[in-house]
Every structure is written in structure tokens, then in C-alpha cells.
Amino acid sequence: MGFRKDFIWGAATASYQIEGAAFEDGKGLSVWDRFSHEPDKVFDGHNGDVACDHYHRYESDVQLMKEIGLKAYRFSISWPRVLPEGKGAVNQKGLDFYNRLIDQLLKNDIRPFVTLFHWDYPSALQALGAWENPDSVKWFEEYAALCARTFGDRVKDFITFNEPQCFIGLGYTIGVHAPGLKLPDSSLVPMSHHVLKSHGVATRALRSLVPDVRVGYAPCGDPCMPASLSPEDIEAARKAYFTVPENQGWAFNAAWWSDPAMLGCYPESGLKRLEQFLPKGWQEDLKVIHQPLDFYGQNIYNGNYFRAADNEQGFEKLPHPVGCPKTAIQWPITPEALYWGPYFLYERYKTPFIMTENGMSAHDAVSLDGKVHDPNRQDFLNRYLLAFKQAAEDGVDIRGYFHWSLMDNYEWAQGYRERFGLIHVDYETQKRILKDSAYWYRGVIESNGECL
Ligand code: NOJ
């Protein structure tokens, strides 16, 4: 058994994190262009003005992808690069960049997966109220249709949104990401509804404009894992995963952001408290939000353990074991998250599953021998991929895996402090070096995961 023959082995990036060229060729500003230049928002004042300079180096970057043996590459379009004001006038030079990148990928037999929105929201639309404005749905539809019409002759795999939990949760709820706001639920809940509706209209636009298109979604939400294999603990974890918390944690929850898109309803546990804030007519909108998807994506880095408990909810969260291994960014290493996440999500949403992101930051450095030895990442990947493979063997319809990230890049509020790449980037010289893990991943791809 193991992974399917046509398994999609890839790596992922996002526009603001790698492109640079923030003020070039007619690009408009995004909320990140502004936020990263505000004092004390980002580690050491880092910004994405140049980042990995991928805008100018995409050709050689595609060659590095080829060297790793990637079958697919997931990247995002910068909305203000192609629509500087977010709507209306199109920036042809911006479209040309993505056209060149796509052509280069196809020439090298690398399948492009395009994410429409990975957080760099047009500043011009932020000034109009962003996702809180009901018109945000039609702005996103216009943008999605432009991407469909421009790239759809060559790109067949599209992802509408990346981690709505994070751009709403971190950007508008706790304010540590752009645009740095802390809004009340009365604003946040309508925003979440408009994002979901935007997902629906974009999916519809992609279907009508792109022949043979495959559309997916890439939310997140740390999986809840059972503390033991007892049926009670498994049920406790399942319940915890899909229960919307009563505090602001709702904005980070898996079910709130997936049930409407995948099942056509909001989770009851969330509605109890949040229904009062949903915009009028929300029930009708569910028909638009709930579009059939070709794959359900999910970004997973770690999970939390739960066990059955004699309390109102029927479950309780356990702390990670003392001394639990952690990545450089201090996230716990919990390989079973790649088993239980896909397992519970497939059980609930019954849609082919793609791991749209997974990986780790490590303290990578260039050694005296000129190479980058990152045994921690290799071990991490080995363990996580084994768990993922087990999920496939236990019946989850798993179609692909995208490593985060192709190359070290701008880790949002952490700036360039965290290195998640398979490729090491020296930001002073823009020199790239394939890390040991990249060569190891090549072997995984070549053997279709048999070497794990
Ligand atoms: C989630 C995000 O999609 C991506 O942009 C980020 O860099 C990684 N995970 C790591 O935090």
C-alpha cells in the first residue's frame, strides 16, 4: 500500500514571503507592505521589500525545484501586484510575472498549484473596510475571475484561501499580523462570513471559467489527538477538534471555517454564541459558501492531546509531556498530528485530502564544508510522513503533500528569524544552498515514500 501512484509531492511558498519587488512594476501596496514598516511590529524591523528576490530569480528557483524533484509547486498570487487598487485597473506587468513563472514550471514538468489569497490584502481595499465590508465578496470574485481567465489555460489546481484562521485571528483578532487590529466579535464574525462567501463565489467563478479545474481550500486548526487509543479518548479528541470554543479561540477553530464550506452549515457549538453577529441572510448564503470541492487542503504543524473527561464538554486537553521536542520556533513536535488530523477531517468532510503545508523551522547554518546539515528537519519529516502514510493505509483518501517551505523566507511577524526551507537562503547575497533535507526529500519523492 502506502501513497498512491500519482501522489503529488510538492513544496509551498507565498507571495509576500518570497517575492520581494514590493514597489516594482506597478504593484500596489498590501497590508503587509505597510505593517512591516511600522515600528515594533516585526522581529528586528524586518520587511518583505526584497525577501528572497524571487520576483527576479524565479527561473533559477524553478531549476532548484527541479533538482529536488518536485512534482508540484504551490505559490500564491499577490492580489495588489495584479490589481494595484484591489479592483478595477489591471497591472499587466504583474500578470506577466506569474505567466512567466507558470510557463517556466510547466516547461520543467512541475505542476502549479495557485493559492489566490495568502494574506497580502490590497491596502486600497483595507481602507474600504476589507472583509467587514459586504462588497469584499464581489472584490474577491473579480480578482478570482481575473486569475481564472489569465492563468486557467495552464493552471488547473487552485486554492481559494490559505489559513483564514490566521489572517483573521492574527490580523484582526489579536492584532499581531497585518493590519494589526483588535476588533470585537461584532466585526469579526461578519468578516468570517464574508471570507467564507468569497470562497464560495471564487470557487464558482473558477469552475465556470477554467476547463477541467480542480478547486480546493487550505484552512488550518491544530488537530486534537487522542491521549490513548481507547474509544472514549478517540471520541473526546474528535469532539474537541470540532467544537467551537466560547472565547476568542473561535477564530482559530477548524469547524467554524470548514463546516460551512464543506457541509453547508455552521457548527452548532459556534452558532450558540456567534449567530447574533452573523449578517442578515446568512442562512441563504450557505448555499453559495457550500460548493463541491475537488480536494480539501489543510496546513498542519502540530497537535494537542485530549482525553475523555467527566465535565460538561466531555473532554479535556493535556499538556505536552515535559521535555517534549520542539522546533526552533518552539512548536511541539507531534508527528501523530499527521495521522489524526487527516483521519478526523476526512471522516467529517469526505473529500480527497491534500497536506497543503507541513514542515519545521530549525537553526540552520552553513557549515565549514559549505553545506547545510539539518538532521532535525529530516527526522521531523520522516516521522510526520510515516504518520501521514499510516493515515493513507487506514483509508484516508490522501492525494498529496506540500512541504513548507521550498526556501527560507519571511516568516511574518518573526521576520527572517525562522528558517523553514528545504533551501537555505543567505539574505545578504541571495545565495541558495540545498539543505541535506532537500536531497533526502528527493529520495522520498523518487521512491514515492517507500524509503520512509
Ligand atoms: C502557515 C502559513 O500559511 C505560512 O505562511 C507560514 O509561513 C507557515 N505556516 C509557518 O508558520
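When a ligand or atom number is given, it counts from 1 through the structure's own listing order.
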Mark up the atoms of ligand 1 that fall under 4.0 Å of a heavy atom belonging to W412, in ascending order. 4 (C), 5 (O), 6 (C), 7 (O)
Per-atom contacts, ligand 1 versus H118 - under 4.0 Å to a heavy atom: 2 (C), 3 (O), 4 (C), 5 (O)
Quick one: does any side-chain atom of Y384 pair with a main-chain N or O of Y301 as donor and acceptor, under 3.5 Å? yes
Ring pair (Phe, Tyr, Trp, His ring centres under 6.0 Å), that's the test. Do F295 and Y217 meet it? Break it down for me. CA-CA 7 Å; F295 61 93; Y217 179 37; over 10 Å; no
Ligand 1 contact on N299 by region, counting heavy-atom pairs under 4.0 Å: side chain
Nearest 0.5 Å, please: how far is CZ in R442 from CG in L434? 8.0 Å
Where does Q17 meet ligand 1, judged by heavy-atom distances below 4.0 Å: at the side chain, the backbone, both, or neither? side chain
Which of the numbered atoms in ligand 1 are under 4.0 angstrom from any heavy atom belonging to W119? 2 (C)
Close N or O approach (W331, ligand 1; < 3.5 Å): no
Main-chain N/O of R214 paired with K156 side-chain donor or acceptor, under 3.5 Å: no
Which bit of I329 is near ligand 1, meaning a heavy atom under 4.0 Å away: side chain, backbone, both or neither? neither
The atoms of ligand 1 lying under 4.0 Å from a heavy atom of W404, numbered in the order shown, are 4 (C), 5 (O), 6 (C), 7 (O), 8 (C), 10 (C)
Ligand 1-proximal atoms of Y410, by part, heavy-atom distance under 4.0 Å: neither
For atom 3 (O) of ligand 1, what's the nearest protein heavy atom and its distance? E357 OE2, 2.7 Å
Would a distance-only check, ignoring hydrogens and angles, find a side-chain to backbone donor-acceptor pair under 3.5 Å from E142 to K87? no
The single option from D120, N91, D33 passing side chain to side chain donor-acceptor pair (under 3.5 Å) against K27: D33
If you have a sec, work out which protein heavy atom is nearest atom 6 (C) of ligand 1 and how many Å separate them, to one decimal? E411 OE1, 3.6 Å
With sequence neighbours left out, what residues match F252 under ring pair (Phe, Tyr, Trp, His ring centres under 6.0 Å)? none
Could you tell me whether D426 and K431 have a side-chain N and a carboxylate O separated by less than 4.0 Å? no
